2 protein chains.
Amino acid sequence: MTLSEEDYIKAIFLLSKDVEKGISTNAIAMQMDTKASSVTDMIKKLADKGLVHYKKYQGVRLAEKGRTYAAKIVRKHRLWEFFLVEKLNFTWDEVHDIAEELEHIKSEQLIEKLDAFLDFPRVDPHGDPIPDKDGNIAKVDKVLLSSAKKGERGIVVGVKDSSSEFLRYLDKLKIALGKEITILNKEPFDNSVLIELDSHKISISALTANNIYLKTI
Amino acid sequence: MTLSEEDYIKAIFLLSKDVEKGISTNAIAMQMDTKASSVTDMIKKLADKGLVHYKKYQGVRLAEKGRTYAAKIVRKHRLWEFFLVEKLNFTWDEVHDIAEELEHIKSEQLIEKLDAFLDFPRVDPHGDPIPDKDGNIAKVDKVLLSSAKKGERGIVVGVKDSSSEFLRYLDKLKIALGKEITILNKEPFDNSVLIELDSHKISISALTANNIYLKTI
DNA sequence: ATTTATTTTTAGACAAAGCTAAAAATTTGT
DNA sequence: ACAAATTTTTAGCTTTGTCTAAAAATAAAT
């Protein structure tokens with residue numbers, strides 16, 4: 001499995017997260033910042049290897065083989081992110097690009113030993129679940145802040161957008177994993193949300209609220 | 001700098017270790033398990049980039065730029081090896097291939113934080129010195145066991161061959177970094193060396209003795 | 001000092017992965 | 001339902017790094 005093939009498989013895996021249908025060529029091209037024609041070429045190769053199911057113009061789905069392979073890459077990515085934050089003192093907005101490289105290191109033994117060294121973490125620094133060694137992913141129950149109702153309370157358990165810009169913005173707002181939030185009001189005009197956080201009231205834009213996951217309590 | 005270019009630069013760096021003259025095309029091909037013609041091609045590219053000095057048929061030398069680049073790769077390799085042994089409990093014969101992949105991870109910040117996390121180690125698990133962040137390497141004074149004189153004593157501080165086969169053989173002999181060795185006798189017939197180790201007398205072949213470094217005391 | 005052997009380089013091909021531009025299929029809009 | 005717009009695929013080219021086989025240069029040997 002080449003570096004590039006791994007990147008494609010992972011991209012398809014991540015795009016399949018909430019989607020039932022086949023993933024479109026363009027969606028993959030977008031996600032990977034490449035051209036649709038390149039995607040078509042690669043998909044054919046992956047189909048030949050039995051990693052994806054593909055019929056022309058019908059989009060692509062992961063085959064079981066491809067799904068577990070992808071989950072293992074994601075496992076590596078998230079374990080390395082956890083390592084970077086917990087052991088090397090990186091911040092949550094700095095780790096993605098480095099983990100993007102580390103996720104391709106091949107040794108199974110390495111990743112199992114790393115997992116043990118980290119004491120078997122369940123989620124990465126952005127709250128995303130770490131697949132187990134067989135590629136199974138625990139379902140985390142969480143709702144978007146944007147869909148929580150007035151009066152509800154919750155703990156921040158994840159983010160949808162984990163770009164460094166967004167994460168640094170959350171730092172500025174003092175929003176972090178584990179923080180408790182109460183929804184005081186929702187403004188119908190622009191869908192902004194008034195919340196209470198650390199005994200302060202702050203207003204959160206709809207866009208921001210749509211990228212924060214809560215576990216309601 | 002591509003993966004492949006990094007591999008070549010590192011190979012040339014390691015081959016230049018004890019050699020003054022230019023490194024031959026064949027030597028590089030041997031070291032990297034590739035063909036001489038491929039080496040010639042790559043050397044030209046590296047020369048174009050100012051990383052090596054090259055005149056046809058004259059072998060190749062690292063330019064200063066190439067030397068420090070290579071030293072940084074070696075730094076990364078050896079720091080990762082140290083991490084694998086000290087933190088993840090790998091044995092010294094298992095770490096080379098994994099470090100071979102890890103050494104290509106790009107982030108400077110990563111390697112400085114790793115260095116701090118490991119508490120600034122000076123040598124890797126095989127006794128090889130870890131270059132500093134600017135690519136300087138401390139000269140370790142050490143002699144081959146094969147060249148030590150009868151009656152001398154020393155501490156094992158390194159190995160020349162760090163193949164897993166050799167390292168596992170040393171494990172079997174109970175020879176490890178830090179062990180004290182006394183040279184009891186040298187056999188002129190086959191250049192084998194009789195040593196005392198842990199109050200036992202054992203005989204070491206010339207080949208083995210030629211791959212163990214001592215610091216005499 | 002030539003011939004022989006070895007080493008190194010060149011020339012030409014190939015596979016991987018990407019791109020552009022054009023063609024084909026599908027979807028959308030009226 | 002059919003023309004227009006969009007998406008996807010194909011065809012052909014490029015770059016990177018590799019290889020084989022042949023040619024050129026250097027080193028070794030008698």
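Chain identifiers are assigned alphabetically (A, B, ...) following the order of the sequence lines, protein sequences preceding nucleic acid strands; residue numbering begins at 1 within each chain. For the numbers below, each heavy atom of this structure counts, side chains included, while hydrogens, waters and symmetry mates do not. Every value quoted in this text rests on a predicted model; they were computed, and no experiment measured them.
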Would you kindly give the CG-to-C1' distance between N26(A) and dT9(D), to the nearest whole Å? 12 Å
Separation of dT7(C) C1' from I43(B) CD1 (nearest whole Å): 12 Å
Heavy-atom nearest nucleotide on DNA chain C for M42(A) versus A27(B): which residue maps closer to 5'? A27(B)
Can a salt bridge be assigned to the pair E64(A) and R67(A) using a cut-off of 4.0 Å between side-chain N and carboxylate O? yes
Is there a donor-acceptor contact under 3.5 Å linking the side chains of N26(B) and S24(B)? no
Report yes or no: does K65(B) contribute a side-chain atom to a donor-acceptor pair with the main-chain N or O of K49(B) at less than 3.5 Å? yes
Think K35(B) has a side-chain N or O under 4.0 angstrom from the OP1 or OP2 of dA21(D)? no
Encode nucleotides 24-29 of chain C as B, S and - characters from 5' to 3', where the letter depends on protein heavy atoms closer than 4.0 Å: B to the base, S only to sugar-phosphate, - to neither. BSS---
Is there a side-chain contact between T34(A) and the phosphate of dC19(C), meaning an N or O under 4.0 Å from OP1 or OP2? yes
Establish, for the pair K87(B) and F117(B), whether the NZ or CZ atom is under 6.0 angstrom from the six-membered ring centre and no further than 45 degrees off its axis. yes
In this structure, how many angstroms lie between the C1' atom of dT7(D) and the CE atom of M30(A), rounded? 12 Å
Is the distance from OP1 or OP2 of dG18(C) to the nearest side-chain N or O of S38(A) less than 4.0 Å? no
Rounded to whole angstroms, how far apart are CG on D41(A) and C1' on dA16(C)? 10 Å
How many whole angstroms separate atom CG of D48(A) from atom C1' of dA16(C)? 14 Å
What is the nucleic acid contact for T25(A), judged by heavy atoms within less than 4.0 Å: base, sugar-phosphate only, or nothing? sugar-phosphate
Examine the base of dT18(D) for any acceptor or donor lying under 3.5 Å from a partner atom in the side chain of S4(B), and report the outcome as yes or no. no
Distance, rounded to the nearest Å, where L3(B) contributes CG and dT16(D) contributes C1': 12 Å
Give the rounded distance in Å between these two atoms: CD of E5(B) and P of dT16(D). 9 Å
Charged N to carboxylate O under 4.0 angstrom, K186(B) versus E152(B)? no
Where the side chain of S37(A) is concerned, which of dA21(D), dA21(C), dT8(C) is the nearest nucleotide? dA21(C)
By nearest heavy atom, map A36(B) and Y8(A) onto DNA chain C; which one lands nearer the 5' end? A36(B)
Any donor-acceptor pair under 3.5 Å linking the side chain of K113(B) with the backbone of N89(A)? yes
K21(A) NZ to dT7(D) C1', in whole Å, measures 13 Å
Between the OG1 atom in T40(B) and the OH atom in Y54(B), the distance rounded to the nearest 0.5 Å is 5.0 Å
Any K44(A) side-chain N or O less than 4.0 Å from OP1/OP2 of dT9(D): no
